[in-house]
K.L.:
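Have a look at this one.
This one's a predicted model, so the numbers in the text were calculated from it and none came from an experiment. We name chains A, B, ... by the order of the sequence lines, and we start the count at 1 in each one.
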Amino acid sequence: MIHLYDTLEGEVRELRLRDEGRVGIYLCGPTVYDLPHLGHGRHALVWDVLHRWLAFEGLEVNFVSNVTDIDDKIINRAAREGISEEAVTTRFENEWWRALEALGVAPPTHAPHATAYVAPMIEVIAALIERDVAYSTDDGVYFDVSRVEDYGRLSGQSLESLKSGARVEANEAKRSPLDFALWKLAKPGEPSWDAPFGAGRPGWHTECVVMSLELLGEGFDLHCGGLDLKFPHHENERAQASALGRPFARHWGHHGWVMVGEEKMSKSLGNFTSLTDLLATTDPRAYRLLVLRSHYRSPLEVTPETIADAERSLERLDALARRFALAPLAGEHLELASDHDFSGPAGQLRGRIASALEDDLDTPQAVAKLFDATSQANVMADRGDPRGAAQLARAVGALFGAMGLRLHTSDDEVDETSADLLAKREAARSAGDYSEADRLRDVLAGHGWLIEDTPTGSVLRRA
RNA sequence: GGCGGCGUGGCCGAGUGGUUAGGCAGGGGCCUGCAAAGCCCCGUACUCCGGUUCGAAUCCGGACGCCGCCUCCA
(Lines give C-alpha, C1' and ligand atoms only; values in the text may rest on other atoms or scores of the structure.)
Protein backbone atom coordinates (compact mmCIF):
# COMPACT_ATOMS: atom_id res chain seq x y z
CA MET A 1 0.00 0.00 0.00
CA ILE A 2 1.08 3.54 -0.68
CA HIS A 3 2.91 5.58 1.96
CA LEU A 4 2.15 9.28 2.19
CA TYR A 5 3.30 12.13 4.35
CA ASP A 6 0.65 12.66 7.00
CA THR A 7 0.55 16.24 8.18
CA LEU A 8 -1.04 15.29 11.47
CA GLU A 9 1.68 12.81 12.42
CA GLY A 10 4.42 14.71 10.66
CA GLU A 11 5.82 11.63 8.97
CA VAL A 12 5.51 9.48 5.92
CA ARG A 13 3.38 6.51 6.84
CA GLU A 14 1.30 3.85 5.24
CA LEU A 15 -2.15 4.88 4.12
CA ARG A 16 -4.15 2.47 6.24
CA LEU A 17 -7.54 2.06 4.75
CA ARG A 18 -10.74 1.88 6.71
CA ASP A 19 -12.15 -0.65 4.26
CA GLU A 20 -9.93 -3.10 2.49
CA GLY A 21 -9.69 -2.45 -1.23
CA ARG A 22 -11.55 0.84 -1.07
CA VAL A 23 -10.20 4.30 -0.48
CA GLY A 24 -12.13 7.46 0.29
CA ILE A 25 -10.48 10.80 -0.44
CA TYR A 26 -11.77 14.30 0.15
CA LEU A 27 -10.12 17.16 -1.69
CA CYS A 28 -11.22 20.68 -0.83
CA GLY A 29 -12.41 22.17 -4.07
CA PRO A 30 -12.69 25.69 -5.39
CA THR A 31 -14.84 28.59 -4.38
CA VAL A 32 -16.21 29.53 -7.75
CA TYR A 33 -15.92 33.29 -7.85
CA ASP A 34 -13.02 33.75 -10.27
CA LEU A 35 -10.97 32.01 -12.94
CA PRO A 36 -8.84 29.11 -11.73
CA HIS A 37 -5.11 29.86 -11.76
CA LEU A 38 -1.99 27.74 -12.04
CA GLY A 39 -2.04 26.99 -8.33
CA HIS A 40 -5.43 25.39 -8.68
CA GLY A 41 -4.04 23.48 -11.61
CA ARG A 42 -1.30 21.98 -9.51
CA HIS A 43 -3.81 21.19 -6.80
CA ALA A 44 -6.00 19.32 -9.26
CA LEU A 45 -3.08 17.56 -10.94
CA VAL A 46 -1.28 16.38 -7.82
CA TRP A 47 -4.30 14.65 -6.40
CA ASP A 48 -5.41 13.45 -9.79
CA VAL A 49 -2.16 11.53 -10.00
CA LEU A 50 -2.89 9.89 -6.66
CA HIS A 51 -6.47 9.19 -7.71
CA ARG A 52 -5.34 7.62 -10.96
CA TRP A 53 -2.52 5.60 -9.49
CA LEU A 54 -4.68 4.04 -6.77
CA ALA A 55 -7.30 3.14 -9.37
CA PHE A 56 -4.59 1.80 -11.68
CA GLU A 57 -3.50 -0.54 -8.92
CA GLY A 58 -7.01 -1.89 -8.61
CA LEU A 59 -8.42 0.03 -5.66
CA GLU A 60 -11.95 1.31 -5.71
CA VAL A 61 -11.48 5.03 -5.24
CA ASN A 62 -14.21 7.28 -3.94
CA PHE A 63 -12.81 10.68 -4.77
CA VAL A 64 -14.87 13.57 -3.49
CA SER A 65 -14.09 17.15 -4.34
CA ASN A 66 -16.58 19.86 -3.55
CA VAL A 67 -17.60 23.10 -5.17
CA THR A 68 -18.13 25.97 -2.77
CA ASP A 69 -20.96 27.91 -4.33
CA ILE A 70 -21.94 30.14 -1.42
CA ASP A 71 -19.41 32.51 0.04
CA ASP A 72 -18.77 36.17 0.75
CA LYS A 73 -16.61 36.51 -2.32
CA ILE A 74 -19.35 35.22 -4.54
CA ILE A 75 -21.83 37.61 -2.97
CA ASN A 76 -19.40 40.49 -3.37
CA ARG A 77 -18.71 39.73 -6.98
CA ALA A 78 -22.38 39.39 -7.79
CA ALA A 79 -23.04 42.73 -6.14
CA ARG A 80 -20.14 44.37 -7.94
CA GLU A 81 -21.24 43.13 -11.33
CA GLY A 82 -24.91 43.59 -10.65
CA ILE A 83 -25.73 39.96 -11.41
CA SER A 84 -27.06 37.08 -9.37
CA GLU A 85 -24.92 34.80 -7.26
CA GLU A 86 -25.99 31.94 -9.49
CA ALA A 87 -24.69 33.76 -12.54
CA VAL A 88 -21.31 34.08 -10.86
CA THR A 89 -21.08 30.50 -9.67
CA THR A 90 -22.36 28.99 -12.88
CA ARG A 91 -19.88 30.89 -14.97
CA PHE A 92 -16.85 30.09 -12.86
CA GLU A 93 -17.82 26.54 -12.14
CA ASN A 94 -18.01 25.96 -15.88
CA GLU A 95 -14.59 27.52 -16.26
CA TRP A 96 -13.30 25.24 -13.54
CA TRP A 97 -14.47 22.01 -15.10
CA ARG A 98 -13.36 23.11 -18.55
CA ALA A 99 -9.88 23.77 -17.27
CA LEU A 100 -9.70 20.45 -15.45
CA GLU A 101 -10.91 18.59 -18.47
CA ALA A 102 -8.26 20.25 -20.59
CA LEU A 103 -5.64 19.25 -18.03
CA GLY A 104 -6.87 15.69 -18.28
CA VAL A 105 -7.98 15.54 -14.68
CA ALA A 106 -10.30 12.63 -14.07
CA PRO A 107 -13.68 13.83 -12.79
CA PRO A 108 -14.24 13.20 -9.10
CA THR A 109 -16.59 10.43 -8.09
CA HIS A 110 -18.69 13.08 -6.38
CA ALA A 111 -18.55 16.85 -6.73
CA PRO A 112 -20.97 18.09 -4.08
CA HIS A 113 -22.18 21.66 -4.06
CA ALA A 114 -22.21 23.31 -0.67
CA THR A 115 -25.68 24.70 -1.24
CA ALA A 116 -27.06 21.18 -1.58
CA TYR A 117 -25.90 20.29 1.93
CA VAL A 118 -27.19 23.20 3.96
CA ALA A 119 -29.72 21.07 5.86
CA PRO A 120 -27.10 18.73 7.35
CA MET A 121 -24.87 21.74 8.02
CA ILE A 122 -27.65 23.29 10.09
CA GLU A 123 -27.95 20.03 12.01
CA VAL A 124 -24.26 20.02 12.74
CA ILE A 125 -24.30 23.61 13.93
CA ALA A 126 -27.33 22.94 16.11
CA ALA A 127 -25.56 19.95 17.63
CA LEU A 128 -22.50 22.07 18.36
CA ILE A 129 -24.64 24.70 20.05
CA GLU A 130 -26.33 22.01 22.06
CA ARG A 131 -22.97 20.78 23.25
CA ASP A 132 -22.09 24.32 24.17
CA VAL A 133 -19.15 24.30 21.78
CA ALA A 134 -20.74 26.97 19.65
CA TYR A 135 -22.45 30.21 20.58
CA SER A 136 -24.57 32.84 18.88
CA THR A 137 -23.65 36.48 18.51
CA ASP A 138 -25.48 39.28 16.76
CA ASP A 139 -23.93 38.37 13.42
CA GLY A 140 -23.75 34.61 13.47
CA VAL A 141 -22.79 31.44 15.23
CA TYR A 142 -19.20 30.86 16.27
CA PHE A 143 -17.17 27.85 17.28
CA ASP A 144 -15.40 28.08 20.61
CA VAL A 145 -11.91 26.73 19.88
CA SER A 146 -11.03 26.50 23.55
CA ARG A 147 -13.44 23.57 23.80
CA VAL A 148 -11.29 21.32 21.65
CA GLU A 149 -8.48 19.68 23.53
CA ASP A 150 -5.90 19.46 20.77
CA TYR A 151 -6.86 22.48 18.71
CA GLY A 152 -3.77 23.48 16.72
CA ARG A 153 -2.35 19.98 16.40
CA LEU A 154 -2.72 19.80 12.64
CA SER A 155 -0.96 23.11 12.16
CA GLY A 156 1.62 22.21 14.76
CA GLN A 157 0.91 25.20 16.92
CA SER A 158 -0.45 25.63 20.42
CA LEU A 159 -3.59 27.56 21.05
CA GLU A 160 -1.45 30.11 22.86
CA SER A 161 0.93 30.71 19.99
CA LEU A 162 -1.94 30.93 17.54
CA LYS A 163 -3.57 33.55 19.75
CA SER A 164 -0.43 35.60 20.02
CA GLY A 165 -0.07 35.62 16.27
CA ALA A 166 -3.64 36.54 15.52
CA ARG A 167 -3.46 39.66 13.44
CA VAL A 168 -7.07 40.49 13.29
CA GLU A 169 -8.68 42.77 15.80
CA ALA A 170 -10.86 40.66 18.02
CA ASN A 171 -14.47 40.82 17.06
CA GLU A 172 -16.04 42.17 20.25
CA ALA A 173 -18.69 39.52 20.29
CA LYS A 174 -16.29 36.64 19.79
CA ARG A 175 -14.92 34.96 22.88
CA SER A 176 -11.56 34.45 21.22
CA PRO A 177 -10.08 35.89 18.04
CA LEU A 178 -9.55 32.33 16.89
CA ASP A 179 -13.22 31.39 17.14
CA PHE A 180 -14.55 30.91 13.66
CA ALA A 181 -17.91 31.40 11.99
CA LEU A 182 -20.15 28.39 11.57
CA TRP A 183 -23.07 30.42 10.37
CA LYS A 184 -23.30 33.98 9.14
CA LEU A 185 -26.60 35.81 9.56
CA ALA A 186 -27.85 37.28 6.30
CA LYS A 187 -27.80 40.98 5.73
CA PRO A 188 -30.66 42.40 3.67
CA GLY A 189 -30.55 41.16 0.10
CA GLU A 190 -28.10 38.34 0.76
CA PRO A 191 -28.95 34.76 -0.08
CA SER A 192 -30.02 32.84 2.99
CA TRP A 193 -31.45 29.66 4.42
CA ASP A 194 -33.76 29.50 7.40
CA ALA A 195 -32.28 28.07 10.54
CA PRO A 196 -33.22 27.91 14.22
CA PHE A 197 -30.43 30.37 14.93
CA GLY A 198 -31.54 32.82 12.25
CA ALA A 199 -31.63 33.05 8.48
CA GLY A 200 -28.17 33.03 6.97
CA ARG A 201 -25.52 30.94 5.28
CA PRO A 202 -22.99 28.36 6.42
CA GLY A 203 -19.35 29.10 7.07
CA TRP A 204 -16.77 27.53 4.81
CA HIS A 205 -15.26 25.26 7.44
CA THR A 206 -18.63 23.71 8.18
CA GLU A 207 -19.30 22.99 4.53
CA CYS A 208 -16.33 20.71 4.07
CA VAL A 209 -16.69 18.82 7.31
CA VAL A 210 -20.32 18.07 6.52
CA MET A 211 -19.84 17.11 2.89
CA SER A 212 -16.86 14.87 3.59
CA LEU A 213 -18.66 13.00 6.35
CA GLU A 214 -21.89 12.76 4.37
CA LEU A 215 -20.23 11.31 1.29
CA LEU A 216 -17.35 9.34 2.72
CA GLY A 217 -18.55 8.45 6.19
CA GLU A 218 -16.74 8.65 9.49
CA GLY A 219 -13.08 7.78 9.61
CA PHE A 220 -12.56 8.21 5.89
CA ASP A 221 -9.07 7.68 4.57
CA LEU A 222 -7.53 10.89 3.32
CA HIS A 223 -8.29 14.58 3.44
CA CYS A 224 -6.10 16.70 1.25
CA GLY A 225 -5.55 20.14 -0.17
CA GLY A 226 -3.05 22.94 -0.44
CA LEU A 227 -0.69 23.85 2.34
CA ASP A 228 -2.61 27.04 2.90
CA LEU A 229 -5.69 25.09 3.90
CA LYS A 230 -3.90 23.43 6.78
CA PHE A 231 -4.68 26.41 8.94
CA PRO A 232 -7.28 27.47 9.58
CA HIS A 233 -9.54 25.52 7.25
CA HIS A 234 -8.53 21.95 7.96
CA GLU A 235 -7.79 22.65 11.60
CA ASN A 236 -11.32 23.97 11.94
CA GLU A 237 -12.91 21.07 10.12
CA ARG A 238 -11.11 18.75 12.44
CA ALA A 239 -12.19 20.75 15.47
CA GLN A 240 -15.87 20.44 14.53
CA ALA A 241 -15.69 16.71 13.94
CA SER A 242 -13.78 16.30 17.14
CA ALA A 243 -16.31 18.33 19.14
CA LEU A 244 -19.08 16.16 17.75
CA GLY A 245 -17.21 13.02 18.64
CA ARG A 246 -17.18 11.91 15.03
CA PRO A 247 -14.03 10.19 13.74
CA PHE A 248 -12.65 12.26 10.91
CA ALA A 249 -9.91 11.86 8.31
CA ARG A 250 -7.37 9.14 9.10
CA HIS A 251 -4.69 10.85 7.08
CA TRP A 252 -3.96 14.41 5.96
CA GLY A 253 -2.09 15.41 2.84
CA HIS A 254 -0.94 18.87 1.76
CA HIS A 255 0.78 19.95 -1.40
CA GLY A 256 3.16 22.87 -1.96
CA TRP A 257 2.91 26.13 -3.77
CA VAL A 258 3.27 27.26 -7.27
CA MET A 259 5.90 29.96 -7.18
CA VAL A 260 6.44 32.91 -9.41
CA GLY A 261 10.02 33.94 -8.92
CA GLU A 262 10.37 33.83 -5.18
CA GLU A 263 6.75 34.48 -4.34
CA LYS A 264 3.78 32.25 -3.88
CA MET A 265 1.29 32.61 -6.68
CA SER A 266 -1.96 33.85 -5.26
CA LYS A 267 -4.88 35.99 -6.01
CA SER A 268 -4.14 38.36 -3.19
CA LEU A 269 -0.67 39.02 -4.61
CA GLY A 270 -2.15 39.52 -8.04
CA ASN A 271 0.64 37.55 -9.67
CA PHE A 272 -1.38 34.65 -10.97
CA THR A 273 -1.75 33.27 -14.43
CA SER A 274 -5.16 31.82 -15.04
CA LEU A 275 -5.37 28.26 -16.24
CA THR A 276 -7.57 29.51 -19.01
CA ASP A 277 -4.73 31.69 -20.29
CA LEU A 278 -2.17 28.94 -19.96
CA LEU A 279 -4.29 26.41 -21.76
CA ALA A 280 -4.97 28.80 -24.61
CA THR A 281 -1.29 28.89 -25.52
CA THR A 282 0.24 25.70 -24.22
CA ASP A 283 -0.06 21.96 -24.50
CA PRO A 284 -1.82 21.17 -21.20
CA ARG A 285 0.27 18.04 -20.90
CA ALA A 286 3.34 20.23 -20.43
CA TYR A 287 1.91 21.55 -17.19
CA ARG A 288 1.18 18.04 -15.98
CA LEU A 289 4.72 16.97 -16.80
CA LEU A 290 6.08 20.00 -14.99
CA VAL A 291 4.03 19.09 -11.94
CA LEU A 292 5.09 15.46 -12.16
CA ARG A 293 8.78 16.19 -12.27
CA SER A 294 8.74 17.98 -8.95
CA HIS A 295 7.70 16.52 -5.65
CA TYR A 296 4.18 17.48 -4.64
CA ARG A 297 5.24 18.91 -1.31
CA SER A 298 7.94 21.15 -2.77
CA PRO A 299 7.39 24.59 -4.14
CA LEU A 300 7.29 24.61 -7.92
CA GLU A 301 8.61 27.34 -10.16
CA VAL A 302 6.24 28.05 -13.00
CA THR A 303 7.31 30.55 -15.61
CA PRO A 304 7.02 30.67 -19.39
CA GLU A 305 10.56 29.22 -19.43
CA THR A 306 9.81 26.20 -17.26
CA ILE A 307 6.62 25.53 -19.20
CA ALA A 308 8.53 25.69 -22.48
CA ASP A 309 11.15 23.38 -21.03
CA ALA A 310 8.46 20.84 -20.19
CA GLU A 311 6.93 21.17 -23.64
CA ARG A 312 10.23 20.31 -25.28
CA SER A 313 10.77 17.39 -23.00
CA LEU A 314 7.33 16.14 -23.94
CA GLU A 315 8.43 16.01 -27.56
CA ARG A 316 10.87 13.28 -26.68
CA LEU A 317 8.07 11.20 -25.21
CA ASP A 318 5.79 11.82 -28.15
CA ALA A 319 8.62 10.75 -30.45
CA LEU A 320 8.63 7.44 -28.62
CA ALA A 321 4.88 7.13 -29.04
CA ARG A 322 5.25 7.80 -32.77
CA ARG A 323 8.13 5.43 -33.20
CA PHE A 324 6.22 2.57 -31.63
CA ALA A 325 2.77 3.71 -32.64
CA LEU A 326 1.52 3.53 -29.07
CA ALA A 327 -2.20 3.44 -28.53
CA PRO A 328 -3.51 6.65 -26.95
CA LEU A 329 -4.26 6.35 -23.23
CA ALA A 330 -5.34 8.31 -20.21
CA GLY A 331 -8.20 10.35 -21.41
CA GLU A 332 -11.09 11.02 -19.11
CA HIS A 333 -11.21 7.47 -17.89
CA LEU A 334 -8.86 5.84 -15.44
CA GLU A 335 -6.34 3.34 -16.70
CA LEU A 336 -6.18 -0.04 -15.03
CA ALA A 337 -2.97 -2.01 -14.74
CA SER A 338 -4.94 -5.14 -15.43
CA ASP A 339 -5.65 -3.91 -18.96
CA HIS A 340 -1.98 -3.82 -19.84
CA ASP A 341 0.75 -6.32 -20.48
CA PHE A 342 3.42 -6.06 -17.82
CA SER A 343 5.31 -9.24 -18.47
CA GLY A 344 9.09 -9.38 -18.53
CA PRO A 345 11.03 -6.09 -18.48
CA ALA A 346 7.77 -4.17 -18.59
CA GLY A 347 6.90 -5.70 -15.24
CA GLN A 348 10.22 -4.65 -13.77
CA LEU A 349 9.56 -1.13 -14.95
CA ARG A 350 6.12 -1.18 -13.42
CA GLY A 351 7.64 -2.35 -10.15
CA ARG A 352 10.11 0.53 -10.14
CA ILE A 353 7.38 3.05 -10.84
CA ALA A 354 5.19 1.52 -8.15
CA SER A 355 7.90 1.74 -5.52
CA ALA A 356 8.58 5.34 -6.44
CA LEU A 357 4.95 6.39 -6.28
CA GLU A 358 4.22 4.40 -3.18
CA ASP A 359 7.01 6.25 -1.44
CA ASP A 360 5.10 9.46 -0.79
CA LEU A 361 4.07 9.89 -4.40
CA ASP A 362 7.61 10.31 -5.68
CA THR A 363 6.66 11.34 -9.18
CA PRO A 364 10.06 12.89 -10.02
CA GLN A 365 11.65 9.52 -9.40
CA ALA A 366 8.98 7.80 -11.48
CA VAL A 367 9.42 10.27 -14.31
CA ALA A 368 13.19 9.81 -14.26
CA LYS A 369 12.75 6.05 -14.49
CA LEU A 370 10.34 6.41 -17.36
CA PHE A 371 12.76 8.62 -19.25
CA ASP A 372 15.44 6.02 -18.66
CA ALA A 373 13.11 3.37 -20.03
CA THR A 374 12.39 5.60 -23.01
CA SER A 375 16.08 5.64 -23.87
CA GLN A 376 16.31 1.94 -23.27
CA ALA A 377 13.44 1.21 -25.65
CA ASN A 378 15.08 3.32 -28.34
CA VAL A 379 18.38 1.55 -27.80
CA MET A 380 16.74 -1.85 -28.06
CA ALA A 381 15.09 -0.84 -31.30
CA ASP A 382 18.32 0.57 -32.68
CA ARG A 383 20.14 -2.63 -31.81
CA GLY A 384 17.78 -5.05 -33.39
CA ASP A 385 15.22 -6.00 -30.78
CA PRO A 386 12.05 -4.38 -32.08
CA ARG A 387 9.73 -6.70 -30.17
CA GLY A 388 11.33 -6.11 -26.80
CA ALA A 389 11.60 -2.41 -27.57
CA ALA A 390 7.93 -2.16 -28.45
CA GLN A 391 6.91 -4.01 -25.33
CA LEU A 392 8.93 -1.68 -23.16
CA ALA A 393 7.65 1.37 -25.01
CA ARG A 394 4.07 0.24 -24.44
CA ALA A 395 4.79 -0.06 -20.74
CA VAL A 396 6.21 3.46 -20.71
CA GLY A 397 3.03 4.70 -22.37
CA ALA A 398 0.81 2.79 -19.97
CA LEU A 399 2.67 4.02 -16.90
CA PHE A 400 2.61 7.62 -18.02
CA GLY A 401 -1.08 6.98 -18.65
CA ALA A 402 -1.41 5.77 -15.06
CA MET A 403 -0.20 9.21 -14.00
CA GLY A 404 -2.57 10.88 -16.44
CA LEU A 405 0.00 11.87 -19.03
CA ARG A 406 -1.12 10.85 -22.45
CA LEU A 407 1.52 10.46 -25.14
CA HIS A 408 0.68 11.57 -28.64
CA THR A 409 1.27 9.45 -31.68
CA SER A 410 1.35 10.97 -35.12
CA ASP A 411 -2.40 11.07 -35.40
CA ASP A 412 -2.28 14.30 -37.38
CA GLU A 413 -4.69 14.29 -40.28
CA VAL A 414 -2.65 14.76 -43.42
CA ASP A 415 -4.59 16.64 -46.09
CA GLU A 416 -4.45 15.55 -49.72
CA THR A 417 -2.27 18.40 -50.91
CA SER A 418 0.34 17.71 -48.28
CA ALA A 419 0.23 13.97 -48.90
CA ASP A 420 0.75 14.73 -52.56
CA LEU A 421 3.72 16.99 -51.86
CA LEU A 422 5.21 14.30 -49.67
CA ALA A 423 4.82 11.72 -52.44
CA LYS A 424 6.48 14.07 -54.92
CA ARG A 425 9.37 14.61 -52.56
CA GLU A 426 9.74 10.87 -52.18
CA ALA A 427 9.88 10.52 -55.93
CA ALA A 428 12.47 13.27 -56.20
CA ARG A 429 14.54 11.65 -53.49
CA SER A 430 14.54 8.25 -55.14
CA ALA A 431 15.49 9.92 -58.40
CA GLY A 432 18.39 11.56 -56.60
CA ASP A 433 17.02 15.04 -57.22
CA TYR A 434 17.81 16.32 -53.74
CA SER A 435 17.42 20.00 -54.47
CA GLU A 436 13.83 19.37 -55.57
CA ALA A 437 13.27 17.13 -52.56
CA ASP A 438 14.56 19.85 -50.25
CA ARG A 439 12.43 22.46 -51.96
CA LEU A 440 9.33 20.35 -51.38
CA ARG A 441 10.34 19.84 -47.77
CA ASP A 442 10.49 23.61 -47.39
CA VAL A 443 7.06 23.95 -48.95
CA LEU A 444 5.66 21.45 -46.47
CA ALA A 445 7.43 23.25 -43.65
CA GLY A 446 5.64 26.35 -44.77
CA HIS A 447 2.40 24.48 -44.19
CA GLY A 448 3.51 23.57 -40.70
CA TRP A 449 4.77 20.05 -41.36
CA LEU A 450 7.95 18.37 -40.30
CA ILE A 451 9.22 15.35 -42.19
CA GLU A 452 10.72 12.34 -40.55
CA ASP A 453 12.36 9.86 -42.89
CA THR A 454 12.18 6.44 -41.33
CA PRO A 455 13.26 3.03 -42.63
CA THR A 456 9.64 2.34 -43.48
CA GLY A 457 9.03 5.59 -45.30
CA SER A 458 8.62 9.28 -44.68
CA VAL A 459 6.01 10.61 -42.30
CA LEU A 460 4.63 14.03 -41.64
CA ARG A 461 4.01 15.50 -38.25
CA ARG A 462 2.90 18.88 -37.09
CA ALA A 463 5.68 21.25 -36.15
C1' G B 1 6.55 37.72 17.85
C1' G B 2 5.04 32.13 17.10
C1' C B 3 5.42 27.97 13.71
C1' G B 4 7.28 25.75 9.24
C1' G B 5 10.26 25.53 4.85
C1' C B 6 14.13 26.69 1.30
C1' G B 7 19.37 27.96 -0.71
C1' U B 8 22.05 21.91 -5.85
C1' G B 9 25.75 22.41 -12.31
C1' G B 10 23.45 27.54 -17.93
C1' C B 11 17.88 26.69 -16.45
C1' C B 12 14.13 23.53 -14.00
C1' G B 13 14.39 19.83 -10.48
C1' A B 14 15.37 14.97 -7.45
C1' G B 15 18.37 12.65 -3.95
C1' U B 16 21.69 10.72 -0.47
C1' G B 17 26.98 9.82 4.79
C1' G B 18 31.33 6.95 0.32
C1' U B 19 28.41 4.16 -6.06
C1' U B 20 24.29 7.74 -12.52
C1' A B 21 18.79 11.43 -10.60
C1' G B 22 15.94 13.01 -14.75
C1' G B 23 14.61 16.76 -18.25
C1' C B 24 15.79 21.14 -21.07
C1' A B 25 19.69 24.01 -23.12
C1' G B 26 25.07 23.61 -24.86
C1' G B 27 29.63 21.00 -27.16
C1' G B 28 31.68 16.66 -29.94
C1' G B 29 30.61 12.17 -32.66
C1' C B 30 27.50 8.11 -35.15
C1' C B 31 23.33 7.44 -38.41
C1' U B 32 21.11 10.35 -42.70
C1' G B 33 21.95 12.57 -49.75
C1' C B 34 21.07 16.76 -46.16
C1' A B 35 17.75 17.00 -42.25
C1' A B 36 14.28 15.13 -38.53
C1' A B 37 13.99 11.21 -35.02
C1' G B 38 17.28 8.02 -32.45
C1' C B 39 22.06 6.53 -30.35
C1' C B 40 27.15 7.39 -28.03
C1' C B 41 30.46 10.76 -25.35
C1' C B 42 31.18 15.46 -22.49
C1' G B 43 30.17 19.55 -18.11
C1' U B 44 31.72 17.29 -12.96
C1' A B 45 27.04 21.25 -8.97
C1' C B 46 25.40 21.32 -4.05
C1' U B 47 25.15 29.73 -0.07
C1' C B 48 29.24 30.64 3.59
C1' C B 49 32.04 29.35 8.18
C1' G B 50 33.09 25.88 11.87
C1' G B 51 32.37 20.79 13.95
C1' U B 52 31.47 15.25 14.01
C1' U B 53 33.58 11.36 10.63
C1' C B 54 38.43 7.42 7.48
C1' G B 55 34.89 10.15 4.34
C1' A B 56 29.44 15.39 4.22
C1' A B 57 26.38 18.69 -0.66
C1' U B 58 23.97 14.80 2.75
C1' C B 59 24.53 14.85 10.29
C1' C B 60 25.41 18.98 14.21
C1' G B 61 26.25 24.32 15.37
C1' G B 62 26.52 29.20 13.57
C1' A B 63 26.17 33.11 9.75
C1' C B 64 23.97 35.17 5.45
C1' G B 65 20.00 35.28 1.92
C1' C B 66 15.01 33.95 0.70
C1' C B 67 9.93 32.07 1.15
C1' G B 68 5.38 30.58 3.45
C1' C B 69 1.47 30.07 7.34
C1' C B 70 -0.43 32.59 11.70
C1' U B 71 -6.36 36.97 7.53
C1' C B 72 -9.79 34.89 2.25
C1' C B 73 -6.36 31.65 -0.49
C1' A B 74 -4.81 25.32 -4.04
K.L.:
Between B:rA74, B:rC12, B:rA37, which nucleotide gets closest to the side-chain atoms of A:Arg461?
P.N.:
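The listed nucleotide nearest to A:Arg461's side chain is B:rA37.
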K.L.:
Specify the separation, in whole Å, of atom CG of A:Asp382 and atom P of B:rC39.
P.N.:
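Nearest whole value for this atom pair: 7 Å.
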K.L.:
Between B:rC39 and A:Arg316, is there an OP1 or OP2 to side-chain N/O distance shorter than 4.0 Å?
P.N.:
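For B:rC39, OP1/OP2 do have a side-chain N/O of A:Arg316 under 4.0 Å.
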K.L.:
Of the options B:rG13, B:rC39, B:rA74, whose atoms approach the side-chain atoms of A:Leu229 most closely?
P.N.:
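Selected nucleotide (nearest to the side chain): B:rA74.
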K.L.:
With a 4.0 Å cut-off on N to O distance, would you call A:Asp34 and A:Lys73 a salt bridge?
P.N.:
no
K.L.:
Please pick, from B:rC70, B:rG38, B:rA14, the nucleotide with the shortest atom-to-atom distance to any side-chain atom of A:Phe231.
P.N.:
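Side chain of A:Phe231 sits closest to B:rC70.
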K.L.:
Pick the P atom in B:rA45 and in B:rA57, then give their distance to the nearest Å.
P.N.:
10 Å
K.L.:
Would you tell me if any nitrogen or oxygen in the side chain of A:Ser298 comes within less than 4.0 Å of OP1 or OP2 on B:rA14?
P.N.:
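For A:Ser298, the contact criterion (side-chain N or O under 4.0 Å from OP1 or OP2 of B:rA14) is met.
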K.L.:
Using a strict 4.0 Å threshold on nitrogen-to-oxygen distance, state whether A:Asp6 and A:Arg13 make a salt bridge.
P.N.:
yes
K.L.:
State whether the aromatic ring of A:Phe371 stacks on the base of B:rG22, taking stacking to mean ring centres under 5.5 Å apart and ring planes under 30° to each other.
P.N.:
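No, A:Phe371 does not stack on the base of B:rG22.
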K.L.:
For RNA chain B, whose closest nucleotide is more 5', that of A:Leu314 or that of A:Arg441?
P.N.:
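By nearest-heavy-atom nucleotide position, the 5'-most residue is A:Leu314.
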K.L.:
Let me know the distance between NE2 of A:His254 and P of B:rC69, rounded to the nearest Å.
P.N.:
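Rounded to whole Å, this separation is 14 Å.
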K.L.:
Would one find a side-chain N or O of A:Ser375 under 4.0 angstrom from OP1 or OP2 of B:rC39?
P.N.:
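Indeed, a polar side-chain atom of A:Ser375 lies that close.
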K.L.:
What do you reckon, are the aromatic ring centroids of A:Tyr26 and A:Phe63 less than 6.0 Å apart?
P.N.:
no
K.L.:
Salt bridge or not between A:Asp382 and A:Arg323? Use side-chain N to carboxylate O under 4.0 Å.
P.N.:
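Counted as a salt bridge, because a side-chain N and a carboxylate O are separated by less than 4.0 Å.
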K.L.:
Give me the distance, rounded to whole Å, that separates B:rC40 from B:rG51 when you measure between the C1' atoms they each carry.
P.N.:
44 Å
K.L.:
Which of the following nucleotides, B:rG2, B:rA14, B:rC70, is nearest to the side chain of A:Pro364?
P.N.:
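Ranking B:rG2, B:rA14, B:rC70 by closest atom to the A:Pro364 side chain puts B:rA14 first.
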K.L.:
Rounding to an integer number of Å, can you tell me how far A:His40 NE2 sits from B:rC72 C1'?
P.N.:
11 Å
K.L.:
For the pair A:Arg312 and A:Glu315, find out whether any cationic side-chain nitrogen is under 4.0 Å from an anionic carboxylate oxygen.
P.N.:
no
